[in-house]
K.L.:
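Structure in structure tokens, see below.
Lettering of chains follows the sequences in order, A, B, ..., and the numbering in each one begins at 1. Heavy atoms only: backbone and side chains are in, while hydrogens, waters and symmetry mates are out. Everything numeric in this text was worked out from a predicted model, so none of it was measured.
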Protein chains: 4
Amino acid sequence: MHYARGMARTVDQHRYHERRNAILQEAHRQFSASGFDRTTTASICRGAGISSGTFFHYFPTKLDALIGLLASGAEATVRQLALIEQQQKGVDAILAYVKAFENELTDPSYSGFVHAIAGVEQVPEVAGVLLDEARATSEFITRNLAIAQEHGTIRDDVPVDRLAVWVRWLFDGAAQSAAETITVEAGGLADAVRALLGSPARTD
Amino acid sequence: MHYARGMARTVDQHRYHERRNAILQEAHRQFSASGFDRTTTASICRGAGISSGTFFHYFPTKLDALIGLLASGAEATVRQLALIEQQQKGVDAILAYVKAFENELTDPSYSGFVHAIAGVEQVPEVAGVLLDEARATSEFITRNLAIAQEHGTIRDDVPVDRLAVWVRWLFDGAAQSAAETITVEAGGLADAVRALLGSPARTD
Amino acid sequence: MHYARGMARTVDQHRYHERRNAILQEAHRQFSASGFDRTTTASICRGAGISSGTFFHYFPTKLDALIGLLASGAEATVRQLALIEQQQKGVDAILAYVKAFENELTDPSYSGFVHAIAGVEQVPEVAGVLLDEARATSEFITRNLAIAQEHGTIRDDVPVDRLAVWVRWLFDGAAQSAAETITVEAGGLADAVRALLGSPARTD
Amino acid sequence: MHYARGMARTVDQHRYHERRNAILQEAHRQFSASGFDRTTTASICRGAGISSGTFFHYFPTKLDALIGLLASGAEATVRQLALIEQQQKGVDAILAYVKAFENELTDPSYSGFVHAIAGVEQVPEVAGVLLDEARATSEFITRNLAIAQEHGTIRDDVPVDRLAVWVRWLFDGAAQSAAETITVEAGGLADAVRALLGSPARTD
DNA sequence: CATGAATGAGCCTTCATTCAT
DNA sequence: AATGAATGAAGGCTCATTCAT
């Protein structure tokens, strides 16, 4: 077979992303289980079945693997929020997100990742990605709380900004519980959010 | 002057605890700022103005310093909860604890310690201390929520166990926000708890 | 159009040498700037706009690139010395070489290469090339110093062998100064050589 | 035996310097033999009979060991120049230094060190130390050449600044020859310097 | 011929911990 | 009790080189 210069570009890119994702996945698993610092690159390599050289071929630094992970997570979140808002607004949008969030928490591979970041949070690049995601979520919540208040579907004795903070506390707290392998019962978070917002209880 | 044996020992014990506490305080500061793994014993020694030898004289292991810290924190919490329950019951007790908790969050030296534990949580000794404290708090909350429900001062459409979980989520979430140097405005957590519990808004 | 085999080969050879030289040139630049060990093949490839595979296609080893460089330098020196001796003899020949040498030193790309070799000098292949060049130069100098002494144009109180050593010291010292980015003023070396040899000062 | 706080200070300092020097000596030997980059800290440790931890206890970095070496060399040079000038002036001072310098070159342990620096010369700290030493030497030479010219003991057709440069070329060139394990015959450099300066030949 | 992903030995450095003084 | 020099296992990362495409 004959290869023109750079011909196999498409195939290569495919392979490249496949392998990159495999490494990321293994890194995720180990970061979640042991935290960033206690996870060694050697161990990730072992788990991913690659050599150390390959790891650093894809990620110049162990930290860069974490950042890649966070970035893709943030991206997914943003995408998801957009998708939700395409279909629902107000309380419904928020509850839809709660549901999606609960699913994430249930995923055993994703729980525990909260702590992976500990100690590296202050690193500018990490902080940046985290902030981006936090901001996107905050705005989503605030935006839809405002709509809900206008529609009269939630309490109106507390300004949306404060309500948004409260909701995020619930989210973060629930995430942390999940991280501590305390099972979060399905629907629990949604109920809590409803109670907090003073919206009518579900009827399903 | 002549010192009786007992006296000298008392002085020694005093010195011992003083120094031990100084080390713990420095360890706390650094663990909070950089996390357990990224804090080196050398750096703690430097900050505490002692030699490495002295450090390991007081704590056989770096982890032991963390455990000492957690244990004293747990002890303080238990003491505090007991004190509160001596004076108040039901919602009032819970809100009193919320207030104390908020004070802790405001203390810049204490915020951030939440993450210090990351990666070491699974270590049996650490997990044990954490569990003890968590259990004490949980029981305190559940106990007083039950009383509150009996008194009709909070919603009764949700069982106390679930309410307790929700309250703890708020606590943990707020603590995490504080750790991320997002200022938690005074009284905010109390309001959120009231909203969640369906208890009447404060009038003070 | 149709190309006869021989023709194609000529073209190929042309391309081959062109590329080889491009690599050598980039290697030279980087070796000069950072030394042999601190220059990475990856960096040379980047500078030359080629892939690592290509580099190792032309040079089986990083060291081989250095050797290629040294060899072509030695070859050039030998050619130059021969050329000079075709036209001049005695002091004039030496001074002509001094002039050529000074030109080389002035070339910013060539200065600094002196140190590139450090650490690899002892490697047989490297040592061989260096020795060949050093010997050629030494013999050239000695030969022409002898002629000069016969002609009475330089001091005769010191045997040519020792004079040759002295002259080479001046050369090497000047080269080193140039390498340390200390500008060597034009003609300075020639004057020094004249002073050392006791030959009459220039009158141009 | 009873030790007061910090009692053994004197002994400790003694031991400290002894060991530090031992490491420095071993580093010197290996740097000289293989160059800075090709010398591994592990190899120095092996040679000095210490652990890697100890090495980095004395020198935070491999580079710092080199800098320590250069600094002590520069210091020694400065001390020596001062000593010489206490006893001699003019040509005599310069020739005294030449003699001392030749001795250094003869020392097999010291030859070759010239190249150890290659590749690291540009590092600010290294460059600084080197520059300090070079400046001290330059000034010493210039100063004494000026005196010599006043006394009429050397040629006066060339300004001292240029003569100083020439002399340094000879020095550097000779040092390089020595580094290339080409034996520099005793007195050779002195003769060359005399010839260059036009001072009367020695009569001893 | 050219490409660049993959390799893995090897390097510098860190850091918890020990122990002679 | 206090000190800090010494230790050495372990980790992150580099880089020359190979080879399938």
K.L.:
Can you tell me which nucleotide in F:dA16, F:dA6, F:dG8 comes closest to the side chain of D:Tyr58?
P.N.:
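Of the candidates, F:dA6 comes closest.
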
K.L.:
Just how far, in rounded Å, is P of F:dA10 from CZ of A:Arg38?
P.N.:
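Atom-to-atom, A:Arg38 to F:dA10, this comes out as 14 Å.
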
K.L.:
Go nucleotide by nucleotide along DNA chain E from the 5' end; which of D:Lys62 and B:Leu63 gets its closest nucleotide reached first?
P.N.:
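That would be D:Lys62.
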
K.L.:
Between B:Thr40 and A:Ile50, name the one whose nearest nucleotide on DNA chain E is closer to the 5' end.
P.N.:
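It is A:Ile50, whose closest nucleotide lies nearer the 5' terminus.
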
K.L.:
Provide the Watson-Crick or G-U wobble partner of F:dA1, both distances under 3.5 Å; none if there is no partner.
P.N.:
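The base-pairing partner of F:dA1, which may sit in any strand shown, does not exist here.
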
K.L.:
Are A:Ser51 and E:dT7 close enough that a side-chain N or O sits under 4.0 Å from OP1 or OP2?
P.N.:
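Affirmative; the distance criterion is met.
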
K.L.:
Which residue in the set C:Val120, C:Ile67, C:Leu130, C:Thr61 passes side chain to side chain contact (heavy atoms under 4.5 Å, CB included) when paired with C:Glu125?
P.N.:
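The side chain to side chain contact (heavy atoms under 4.5 Å, CB included) with C:Glu125 is passed solely by C:Ile67 among C:Val120, C:Ile67, C:Leu130, C:Thr61.
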
K.L.:
For E:dA6, which nucleotide in any strand shown is its Watson-Crick or wobble partner with both distances under 3.5 Å?
P.N.:
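Check on E:dA6: paired to F:dT17, both distances under 3.5 Å.
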
K.L.:
Would a 4.5 Å heavy-atom cut-off, applied to side chains only, mark C:Lys62 and C:Phe56 as touching?
P.N.:
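In short, these two side chains do not touch, never coming nearer than 4.5 Å.
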
K.L.:
Using only heavy-atom distances, decide whether a donor-acceptor pair under 3.5 angstrom links the side-chain of C:Ser52 to the base of E:dA5.
P.N.:
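Check passes, donor-acceptor contact within cut-off.
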
K.L.:
From C-beta outward on A:Phe56, which listed nucleotide comes closest to its side chain: E:dT17, E:dT14, F:dG12?
P.N.:
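My answer, after comparing the listed nucleotides, is F:dG12.
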
K.L.:
Within the structure shown, what part of the strands sits under 4.0 Å from A:Ser43 by heavy-atom distance: base, sugar-phosphate, or nothing?
P.N.:
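Nothing: the residue A:Ser43, judged by heavy atoms under 4.0 Å, touches no strand.
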
K.L.:
To the nearest angstrom, how far is A:His57 atom NE2 from F:dT18 atom P?
P.N.:
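Whole-Å distance recorded here is 18 Å.
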
K.L.:
Between C1' on E:dA16 and CG on B:Asp64, what's the gap in Å once rounded to a whole number?
P.N.:
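After rounding, the reported distance stands at 12 Å.
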
K.L.:
Round to the nearest Å and state the distance from D:Phe59 atom CZ to F:dA6 atom P.
P.N.:
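In whole Å, F:dA6 P lies 12 Å from D:Phe59 CZ.
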
K.L.:
Is the distance from OP1 or OP2 of E:dA6 to the nearest side-chain N or O of A:Arg15 less than 4.0 Å?
P.N.:
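For E:dA6, OP1/OP2 do not have a side-chain N/O of A:Arg15 under 4.0 Å.
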
K.L.:
Round to a whole Å and report the spacing from OH of D:Tyr16 to P of F:dA6.
P.N.:
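Distance check: D:Tyr16 OH to F:dA6 P gives 9 Å.
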
K.L.:
Where the side chain of C:Thr61 is concerned, which of E:dT13, F:dT17, F:dA6 is the nearest nucleotide?
P.N.:
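Selected nucleotide (nearest to the side chain): F:dT17.
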
K.L.:
Starting at CZ of C:Phe55 and ending at C1' of E:dC1, how long is that distance when rounded to a whole Å?
P.N.:
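Taking CZ of C:Phe55 and C1' of E:dC1, I get 17 Å after rounding.
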
K.L.:
When you measure from the side-chain N and O atoms of C:Thr54 to the phosphate of E:dT3, is any distance below 4.0 Å, counting only OP1 and OP2?
P.N.:
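Result: yes.
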
K.L.:
Under 4.0 Å between a side-chain nitrogen and a carboxylate oxygen: does that hold for D:Glu26 and D:Arg29?
P.N.:
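Salt bridge present between D:Glu26 and D:Arg29.
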
